[in-house]
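Here is the structure we will look at, set down as structure tokens.
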Number of protein chains: 2
Amino acid sequence: MGIFSKTCEYAVRAVFFIAQQTADGSRVGIKEIAVNIDSPEHFLAKILQDLSKRGIIQSVKGPNGGFYLDAQNLSRPLSDVIEAVDGGGIFRDCGLGLKECSSKNPCPLHHDFLDVRNRLQNMLESITIGQFNEDLNLGIVVLKK
Amino acid sequence: MGIFSKTCEYAVRAVFFIAQQTADGSRVGIKEIAVNIDSPEHFLAKILQDLSKRGIIQSVKGPNGGFYLDAQNLSRPLSDVIEAVDGGGIFRDCGLGLKECSSKNPCPLHHDFLDVRNRLQNMLESITIGQFNEDLNLGIVVLKK
DNA sequence: ATAATAAAAGACATTTTTATCTTTTATTAT
DNA sequence: ATAATAAAAGATAAAAATGTCTTTTATTAT
Ligand code: FES
Ligand code: FES
């Protein structure tokens, strides 16, 4: 596994895809999302249900329904998605799994790890969910290979 | 879970502990290691067996036996432990789980993620297994809380 | 040689993550 | 009102990670 869980990877890819697809005010269905980000449909459905409950994405049932993002969703940092799915542990926990991470009684990696962890956090906090819509349109970046 | 798997966290803590304890040429047993790094004894045993097979740590059976590190082990980078346990994926895989990570058809996070990932790798490659022995002796850093 | 020691190995159990399938509920269009 | 649509929810299952216990093998000291 990578830095993030599979669940989290699917969540981020899906959110980017929904952002791009619904910038015009439309909605996009779970089936289309799953196909385009290469994820298991029903598993992704659960993830999106949760993100919807938490207000990170929007959804409407019925014909012409589907998932979409409002302006406020688009402007939120990507870190919101990670926190919602994996919890904020990745931004706070000790790299060696000690019960707490602090500069009092630090683990051997604390100093260096803090730097990497903070950079990861800063990166994810400064990226917004909507900021890749253009690049996705142009095919400069992709969500599937 | 954090950046690394539980397995990997135990492995790194254990390796640091063995390094410190056996700097004088002695050996340390699985029981003592497990207690001092706060890990499940038999689970850790499996991990250390594997590290031993891979030559990252040394072991001898029987009375006065146990685990230890030779000079060459002590000078190896910590990244060796991570690669042995979790595989090198953490240093190479796409942050969003795409099948491959490359600047051709990158995912949206590629550019920023590459930076963080490389810093993590550089950090783990420049830290040696033996380099915290002194700090551990002095209690400046700890492996258990 | 024998007994004691400690890692290696094997078998098994639990928990968490990841995945699939079915039924229900809300919404829309007719 | 009715039928069609699509997400929400529920039930199960497979796979992987994590954890426990027992038996075997190698080594050492006597
Ligand atoms: S104590 Fe381990 S990273 Fe801070
Ligand atoms: S393609 Fe995603 S991190 Fe490189």
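Only this structure's heavy atoms are used, side chains among them; waters, hydrogens and symmetry mates stay out. Letters A, B, ... are given to chains in the order of the sequence lines, protein chains preceding strands, and every chain is numbered from 1.
With sequence neighbours left out, A/Lys104 forms a salt bridge (Lys or Arg N to Asp or Glu O under 4.0 Å) with no residue at all. Remark: A/Ser103 engages no residue in a side chain to side chain donor-acceptor pair (under 3.5 Å) (not counting sequence neighbours). Residues satisfying the side chain to side chain donor-acceptor pair (under 3.5 Å) criterion with B/Asp50, sequence neighbours excluded, are B/Arg54. Remark: A/Glu125 engages A/Gln121 in a side chain to side chain donor-acceptor pair (under 3.5 Å) (not counting sequence neighbours).
B/Leu114 and A/Val141 sit in two unconnected hydrophobic clusters of ILVMFWY residues. Membership requires side-chain heavy atoms under 4.5 Å apart, directly or through other members. In terms of hydrophobic clustering, with Ile, Leu, Val, Met, Phe, Trp and Tyr side chains grouped at heavy-atom distances under 4.5 Å, A/Ile129 and B/Leu96 are assigned to a common cluster.
Listed by first and then second residue, the side chain to side chain donor-acceptor pair (under 3.5 Å) pairs that reach into residues 11-25 of chain A are A/Gln20-A/Asn137, A/Asp24-A/Ser26, sequence neighbours excluded. Applying the side chain to side chain donor-acceptor pair (under 3.5 Å) rule to pairs touching residues 28-49 of chain B yields A/Lys99-B/Asp38, sequence neighbours excluded. Contacts classified as ring-ring contact (aromatic ring centres under 6.0 Å, His included) and involving residues 78-117 of chain B (residues at least two apart or in different chains) are not found. Counting only residues at least two apart or in different chains, ring-ring contact (aromatic ring centres under 6.0 Å, His included) contacts with residues 126-145 of chain B comprise B/Phe16-B/Phe132.
For DNA chain C, runs of at least 3 consecutive pairs of the Watson-Crick or G-U wobble type, with both hydrogen-bonding distances under 3.5 angstrom, map to C:1-30 with D:1-30.
Bounding nucleotides for the chain B contact on DNA chain C, 5' to 3', at a heavy-atom distance below 4.0 Å, are C/dA4 to C/dA11.
If you find the closest nucleotide of DNA chain C to A/Lys6 and to B/Gly66, the one lying nearer the 5' end belongs to B/Gly66.
At distances below 3.5 Å, at least one donor-acceptor pair connects side-chain atoms of A/Asn73 with backbone N or O atoms of A/Gly55. A/Asp80 places no side-chain N or O within donor-acceptor distance of the main-chain N or O of A/Arg76, the cut-off being under 3.5 Å.
Checking the phosphate oxygens (OP1, OP2) of D/dA17, no side-chain nitrogen or oxygen of B/Thr7 falls inside 4.0 Å.
For the contact set between residues 36-64 of chain B and DNA chain C, defined by any heavy atom under 4.0 Å, the members are B/Lys46, B/Gln49, B/Ser52, B/Lys53, B/Ser59, B/Val60, B/Lys61, B/Gly62, B/Pro63. Proximity of residues 17-31 of chain A to DNA chain D (heavy atom under 4.0 angstrom from any strand atom) is restricted to A/Val28, A/Gly29, A/Ile30.
A/Ser59 and A/Ser52 share a donor-acceptor pair across their side chains, judged by distance under 3.5 Å alone.
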